[in-house]
Amino acid sequence: MKIRKRFLLWFGNQKLGKKLVYTFLMASVIPLLAAQVLMLFVISGNMRKKADELMMSQLVQISERMDLTVDIYTNLVYQIYADDAVASGIEAIGDTEPKTRVRAYREIFERMMQYGGSVKGVECISIVLPDGQDITYDFGLASVVDNLWETYVDKRSSRPYQLAQEQPSRMAISPTERIVREGREERMFHISRQLHDFKDIQKGAIGTVIISVSESVLNAVCATVQEGAEVYTVTFIMDEAGNILTYPDSFYAGIALAPGRSVKEFVEKTRILEGKTIAVNHYENQNLGWTFYNVYDENYMLREVRRMQYLTIVIGLALLLASVFLIRYTVSLIEAAIRNIVSGIVEVQKGNLDVQVSVEYKDEMGQIADNFNMMTGKVQHLIEEVREVTNKQKDAEIRALEAQINPHFLYNTLDSINWMAIEKEEYEISRMVRNLGVILRYSVDKSNKLATVAEMADWLEKYVSLQRMRFNDAFSCELYIQPETEQIRVHKLLIQPFVENAIVHGFKGIEHGGILRVDVMLSESHKELDIIIEDNGKGIEPEIAEKWNDTAAPWQDGAGSIGLSNAFSRMRMYYGADASWNVSSIPQVGTVVTLKIPALGNGQAFREESEDENYNR
C-alpha cells in the first residue's frame with residue numbers, strides 16, 4: 001500500500017506532458033506493439049504450417065506421378081510376360097537343333113530391342129532361365145554380349161532374380177544400386193517377375209524377366225527446383241529397408257541410411273542445404289512401399305514473414321520515439337487522438353474490424369491511427385485468407401478421397417475379363433473389353449493434357465465401335481483425318497461430348513441408316529484446325545442452335561445441355577479467343593458442328609506446350 005501511494009504521489013506530481021507520455025506508453029503504444037509482435041509470431045507459425053501443408057501436397061503429387069511412372073515400366077514387364085513369342089522362343093532354346101536355338105535367340109533379342117526402345121530410361125532387359133542361362137540385351141552398350149551383369153557368374157544369385165522368386169505372383173522392385181559399366185559408375189533400379197507359358201501354366205516358371213531402369217527416371221519425377229535456381233528444398237525417396245532410391249546428388253543414390261541416423265542428419269551430411277535451418281516432411285506410398293521425403297529451408301520459406309517482423313518492430317519504435325518528443329507540444333491534439341484510438345481499440349475488441357480511426361492532422365498520432373487502420377485491415381484480410389484456405393483445404397481433401405480409386409485396378413480387372421472372354425472364345429466381347437480398356441486409360445491418364453490427332457482418331461474409332469455395338473449398328477461412322485493433321489496436338493476428349501451428343505440424341509429412336517461423319521483438316525492458312533462433326537439424325541431446333549452459337553451462352557446458362565456446355569467452356573479455357581464454333585441444324589435432317597482451334601503442331605505454341613509437359617514430367 002505504501003509503495004502504491006508513493007507511486008501515485010510521484011505520478012500526480014509529474015507535468016502533464018510526462019503524464020501523457022507515461023500513460024501513452026503504458027496504455028497504448030506498448031500493448032499495441034506487443035499485440036503486433038504476438039500477431040506476427042502467430043502469423044509466422046501459420047505460415048510455417050502452410051509451408052508444411054504445401055510441401056506435403058507436393059509430395060503427394062510427386063507420389064502420384066511416381067505411380068504413373070513406375071506403371072510404365074511394370075506394364076512393359078507385363079507385355080513381355082504376356083508375349084507368346086517370348087514364351088515360344090524360350091521353349092525353342094531347349095531344342096537340340098542349333099539352328100532352332102539361334103533363331104529363337106534372335107527372335108527374343110528383337111523383341112527385347114522393340115520393348116526397350118519404346119520406353120525411355122530402360123538400360124537393360126534380361127531373361128534368366130531356370131538352368132542359369134540368360135538372354136540379355138544392354139541398351140546402354142547396345143550389346144547382347146557385354147552387359148551390366150558381367151560381374152555375375154550366375155545371374156540367379158542377383159537380388160532382382162531372388163526377389164522375383166520370393167514373390168512369384170507379384171512384380172518385384174529392387175532398390176537402386178551402383179553398377180560399374182565400362183568403367184563408369186551408374187545407378188539403376190530393377191523390376192523383375194517370373195515368366196509363365198500360358199499354353200501350359202502348370203509347367204511353372206519358364207524364366208524370370210529383369211528390366212533395369214536408370215535412377216535418373218526417379219530423379220526427374222522428384223525434381224522440384226529448376227537447374228541453376230537457388231536450392232531451398234530437397235526431395236528424395238527411401239524404401240522400407242532404408243535404401244536411398246534417388247537423391248538430387250546422384251552420388252548418394254543406391255546407399256543405405258546408416259542405423260541410428262535420422263533423415264535430417266543425412267541431408268545435413270550431404271551439404272545440399274548446408275548452414276540452413278531445415279524442416280522434414282514425409283509421405284508414404286502404400287502401393288510402392290516407398291517413403292517420399294521433402295526437406296526445405298525454413299528461413300527461405302518464412303523470409304517474408306521475418307522481414308515483416310523486423311519492419312514492424314522498427315516502425316513501431318520509430319513511432320514511439322516520435323510520439324515521446326512531440327507529445328509535449330501537442331497535448332490537446334494527442335488527447336483527442338488518444339480518445340479516437342482508444343475508441344477504435346474498443347471497437348476491435350468488440351469484434352468490429354471495420355472500424356476506422358480518423359485523425360484531423362497528419363502528425364505522428366495520425367501515423368499511429370493510419371497504422372492502426374492498416375493493422376485492422378490486414379487482420380481482416382488475413383481472416384478472409386484463412387477462411388478461404390480452410391475451404392480450399394476441405395475441397396482438396398474431398399478431391400483426394402475421390403481420387404483414391406486406383407485406375408490400375410480397373411485396368412487389371414478389364415484385362416482379366418478379356419482373358420476370360422478369349423478362353424470362352426467370345427472374341428467379340430474380348431474386342432469390346434479391350435477397346436473399353438483403351439478408352440478408359442486414354443480418358444483417365446492426364447485427361448487435361450495434349451494428344452495428337454492420330455491418337456485422338458484411334459481412340460475415337462474404338463469409342464464409336466462400342467457405341468455402334470450398344471445401338472445394334474443403327475448408325476455407321478465415316479472418319480476422315482487429313483494426313484497433315486496427324487501430328488497436330490489437341491486437348492484430349494475435346495470432341496468426345498460432340499460425338500456422344502450426335503449418337504445419343506441425334507440417333508435417338510433410329511434403328512438403322514444413321515450416318516456419323518467426323519472430318520479433321522487444316523484451314524487454308526495452316527494456322528487453324530477445323531473439326532466437323534456431322535450426322536443425319538433428328539436435328540435440333542433453330543433457336544437452340546442460335547443459343548449454342550452465342551459465345552457467352554454456353555457457360556452462362558448451359559443452353560440446355562451440360563455436356564456441350566462443358567465442352568464449349570473447355571474450348572474457351574484452353575484456347576481463349578482463338579477458339580470458335582458453329583452449330584447448324586435442320587430438324588429431321590441432321591446437325592453439323594464445326595469447331596475451329598489453333599493448330600498446335602509447330603511454331604512457338606507447340607514449343608511452349610512441349611516445355612510445359614517436360615517440366616511436369
Side-chain angles (χ1 to χ4, degrees), residues 388 392 395-396 399 402 442-457 459-460 463 481-482 485 487-506 516-535 539-585 591-613 615-616:
E388 182 179 353
K392 289 183 177 179
D395 293 339
R399 289 195 297 270
E402 294 173 345
Y442 179 90
S443 303
V444 172
D445 185 20
K446 298 180 179 178
S447 60
N448 64 333
K449 294 300 179 181
L450 296 177
T452 64
V453 170
E455 293 171 340
M456 178 191 72
W459 171 88
L460 186 60
Y463 174 76
I481 305 296
Q482 187 177 6
T485 67
Q487 297 307 312
I488 291 177
R489 296 161 71 84
V490 299
H491 282 272
K492 294 172 70 173
L493 303 179
L494 181 67
I495 70 170
Q496 186 270 343
F498 303 101
V499 174
E500 181 179 3
N501 194 70
I503 295 173
V504 175
H505 299 292
L516 171 66
R517 181 175 179 85
V518 180
D519 296 323
V520 182
M521 62 192 72
L522 283 172
S523 64
E524 294 182 359
S525 65
H526 282 215
K527 295 181 178 179
E528 198 172 59
L529 188 68
D530 296 339
I531 304 174
I532 303 173
I533 302 98
E534 180 179 0
D535 68 79
I540 59 177
E541 298 299 326
E543 58 270 17
I544 297 179
E546 290 179 4
K547 286 185 178 181
W548 287 124
N549 292 327
D550 182 357
T551 57
W555 50 85
Q556 286 183 356
D557 57 18
S561 174
I562 296 176
L564 293 188
S565 173
N566 289 336
F568 286 129
S569 297
R570 287 178 65 202
M571 286 182 61
R572 187 62 75 198
M573 284 191 298
Y574 291 149
Y575 305 106
D578 293 334
S580 61
W581 58 84
N582 179 265
V583 180
S584 61
S585 181
T591 303
V592 178
V593 178
T594 303
L595 311 177
K596 295 180 179 291
I597 61 175
L600 299 177
N602 50 50
Q604 184 64 27
F606 176 70
R607 288 196 298 272
E608 289 176 354
E609 194 68 28
S610 298
E611 291 171 0
D612 179 65
E613 287 192 358
Y615 175 77
N616 288 331

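- Other residues, nucleotides and ligands contribute more than 12 heavy atoms inside 6.0 Å of the CD atom of E543.
- Nearest heavy-atom pair, R572 versus A577, reported as atom, atom and distance to 0.1 Å: NH1-CA, 3.5 Å.
- Residues satisfying the salt bridge (Lys or Arg N to Asp or Glu O under 4.0 Å) test with D519, not counting sequence neighbours, are R517.
- Rounded to the nearest 0.5 angstrom, L516 CG and F498 CZ are separated by 13.5 Å.
- With sequence neighbours excluded, the residues forming a side chain to side chain contact (heavy atoms under 4.5 Å, CB included) with S580 are K596, listed by chain and number.
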Could you walk me through whether I533 and N501 pass the side chain to side chain contact (heavy atoms under 4.5 Å, CB included) check? CA-CA 10 Å; I533 302 98; N501 194 70; over 6 Å; no
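- Note that CE of M456 and OH of Y463 are 14.0 Å apart. Values are rounded to the nearest 0.5 Å.
- Here the NE2-CD1 distance, from H491 to I597, works out to 8.0 Å after rounding to the nearest 0.5 Å.
- Taking the side chain as every heavy atom from C-beta outward, Y575 and L600 approach each other to under 4.5 Å.
- Remark: Q487 CD to R489 CZ distance equals 9.5 Å, nearest 0.5 Å.
- The residue from I540, V592, D535 that alone fulfils the side chain to side chain contact (heavy atoms under 4.5 Å, CB included) condition with S585 is I540.
- If you take CE on M571 and CE on M573, they are separated by 11.5 Å, rounding to the nearest 0.5 Å.
- Among residues two or more places apart in sequence or in another chain, the side chain to side chain contact (heavy atoms under 4.5 Å, CB included) test is passed with T485 by V453, I481, Q482, I488, V520, L522, L529.
- Under the 3.5 Å distance criterion, the side-chain polar atoms of W548 are left unmatched by any main-chain donor or acceptor of F568.
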